[in-house]
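Written below as structure tokens is the structure these notes are about.
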Amino acid sequence: MDIIKAIEAEQQEQVAKVEENFRIGDTVKVHFTIVEGTTERVQVYEGLVIAKNNSGINRTFTVRKISYGIGVERVFPLSSPRIQKIEVSRRGRVRRAKLYYIRGRVGKAAKVSELVRRKS
Amino acid sequence: MIGLIGKKVGMTQVFDDRGVVTPVTVIQIEPNLVVRERSPEADGYAAKVLAAGRVKEKGLAKPFRGQFGEFSPRARMVEFRDFHHQCEIGDELTVDLFAETAFVDVTGISKGKGYQGVVKRHNFSGGRATHGSKFKREAGSTGMAAWPSKVHKGSKMPGRMGHERRTVQNLRVLKVDGEKQILLVKGSVPGPQNSTLIVSGAKKKDG
């Protein structure tokens, strides 16, 4: 297994690494490179992080947003060189690691309250 | 043909510079010892006998140990026919042998599944689960009528599944790392982790 870990660590160094600076329940903006034939452009996908899966180089996260009234979920590989940047636009206060319950809710019930850190 | 004996380490994935993810199997290939040569004059065919894998000398059968002569013994021994890489008895072949190979065939012993029914073992459809069904995962009829009055040999029936020698052909070689003694191939290969694999140049690609 150590060989696998060594290969994954080597990969991590090679691919453009973005920091995992967000948590479950945060609203993030993912700057993702789209390759269309020969041209490349950066698309921004904004939504709620509802899950993180796997580990090491396989690590992925799921971002959910409502697009024209329809729920859209996208799974991004965290180590993908196509992710330029991940911006956190809002911190969320949640009590579980997977927010799949959001899928069944609409309107205000589907909101995640903002995380407020009190100064000590 | 060229070939080497290796060991399955496990699977992972690699990203290329465009961000495309490829599933890969990691195969560890430690230096293979050339133990013996077969020649058309003496044996009727040309081949090289390679051996690899660490083993304790104690407890080895003498006929097996004897084949290594003055060399230290290895765990597995495999014969490769018409080996077209120039080498002498006593040479050690490393994974760099595949440095210019694009595709390989990988042979291994598949994972044992135990005693399985026909649905899993032979992809039979099975019947309806509910609404009074009395035909669920059975095999159904296995033969004809008063003639031939027997079940033909080789009929698909339940039984032991897996643990068979299987070859996967034309796997693309993604990386050859001589330093770590590993080979990365695209896709999966038969068998559990740490099992012995026989890696050879793709038969249907470059002969």
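Every chain is numbered from 1 and lettered A, B, ... according to where its sequence line falls, protein lines coming before strand lines.
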Within 6.0 Å of CZ in Arg103(A), more than 12 heavy atoms from elsewhere: yes
Counting only non-hydrogen atoms closer than 4.5 Å, does Asn194(B) touch chain A with its backbone (N, CA, C, O), its side chain (CB onward), both, or neither? neither
Any chance NZ of Lys111(A) has more than 12 other-residue heavy atoms, nucleotides or ligands included, within less than 6.0 Å? no
Less than 4.5 Å to any heavy atom of chain A: does that hold for the side chain of Val26(B), its backbone, both, or neither? side chain
Write down the atom of Ser80(A), the atom of Phe15(B), and the distance for their closest heavy-atom approach. CA-CE2, 3.5 Å
ring-ring contact (aromatic ring centres under 6.0 Å, His included) contacts in which one or both residues fall within residues 90-119 of chain A, not counting sequence neighbours: none
Counting only heavy atoms not in Arg59(A), do more than 12 fall under 6.0 Å of its CZ? yes
Write down the atom of Ile4(A), the atom of Gly10(B), and the distance for their closest heavy-atom approach. CD1-C, 3.6 Å
Answer yes or no: are there more than 12 heavy-atom neighbours, outside Arg65(B) itself, under 6.0 Å from its atom CZ? yes
Is Arg160(B) atom CZ crowded by more than 12 heavy atoms from other residues, nucleotides or ligands, each under 6.0 Å away? no
Contact summary for Val14(B) and Gln11(A), nearest pair of heavy atoms: CA-OE1, 3.5 Å
Roughly how far apart are Ile7(A) CD1 and Ile182(B) CD1, rounded to 0.5 Å? 3.5 Å
Do you know which two heavy atoms are closest between Gly37(A) and Arg18(B), and how far apart they sit? O-NH2, 4.0 Å
How far apart are the closest heavy atoms of Thr12(B) and Glu8(A), and which atoms are they? OG1-OE2, 2.7 Å
Would you find more than 12 non-hydrogen atoms of other residues, nucleotides or ligands less than 6.0 Å from Lys29(A) atom NZ? no
Would you compute the distance between atom CD of Gln13(B) and atom CG of Asn58(A) and round it to the nearest 0.5 angstrom? 4.0 Å
